[in-house]
Amino acid sequence: MDEQHDAQNEARQRIARAVREILLAVGEDPDRDGLLETPERVADAFTQLFSGLHEDPARHLEGGFAEGARDLVLIRDLPVASVCEHHLLPFAGKAHVGYMPDGRLAGFSELARVVDGYARRPQIQERLTAQVADALLHGLDASGAIVVVEATHTCMVMRHAETTGSTAVTYAARGVFEEDSGHRAEVLALMLRGMASN
Ligand SMILES: [Zn+2]
């Protein structure tokens, strides 16, 4: 436990040193009042934002409960906050997560933890979407999984005026939703109905 604590402290100090270096490189004075504690603050924020690197989010599905359930479960509007790995800038939005159980159900809060675990690492939205779908399919032994993520990317908003206000929508379908277009259309309609009312 102490070793783990030491490693965390060391990582935090490395981040803080790097942030101080960035501030110097952009022409700031890291020793002026407003910036004095910024390296440590950023180190704390990064440690939290990337905490998902040290866990396997699919483990949240291990418990689950056996209900003999076979009917669609769909959760809309789970909050997503992640960091794009190309610019290390945040992207945030919502995930809509559905699965077709094969006897085993996950708690709603467990589904949110799965999304959060994959989001708390340097990410691209496409991979995040696919990882959540794969985790549901395999972690629950579900017969199908379907995930839609809609998010606004700070790197798009800040760097390109022409993409300000746009939303990136990514989608992944597995199992029965990949194979059966009727099933897929039915679930997507439920998901899109939610999006249209926002
Ligand atoms: Zn980016």
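Everything numeric in this text was worked out from a predicted model, so none of it was measured. Residues: numbered from 1 along the sequence shown. As the structure lists them, so they are numbered: ligands from 1, and atoms in each ligand from 1.
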Peer 1: Report yes or no: does His86 have an N/O/S atom closer than 2.8 Å to the Zn ion (ligand 1)?
Peer 2: no
Peer 1: Is the count of non-hydrogen atoms from other residues, nucleotides or ligands lying under 6.0 Å from Arg14 atom CZ greater than 12?
Peer 2: no
Peer 1: Nearest N/O/S atom of His87 with respect to the Zn ion (ligand 1), by atom name, please.
Peer 2: ND1
Peer 1: Above 12 or not: heavy atoms from other molecules or residues under 6.0 Å from CD of Gln48?
Peer 2: no
Peer 1: May I ask you to check if any N/O/S atom from His153 comes under 2.8 Å of the Zn ion (ligand 1)?
Peer 2: no
Peer 1: Would one find more than 12 heavy atoms of other residues, nucleotides or ligands at under 6.0 Å from atom CG of Asp29?
Peer 2: yes
Peer 1: Give a yes or no answer on whether the side chain of Arg184 reaches the backbone of Glu178 with a donor-acceptor pair at less than 3.5 Å.
Peer 2: yes
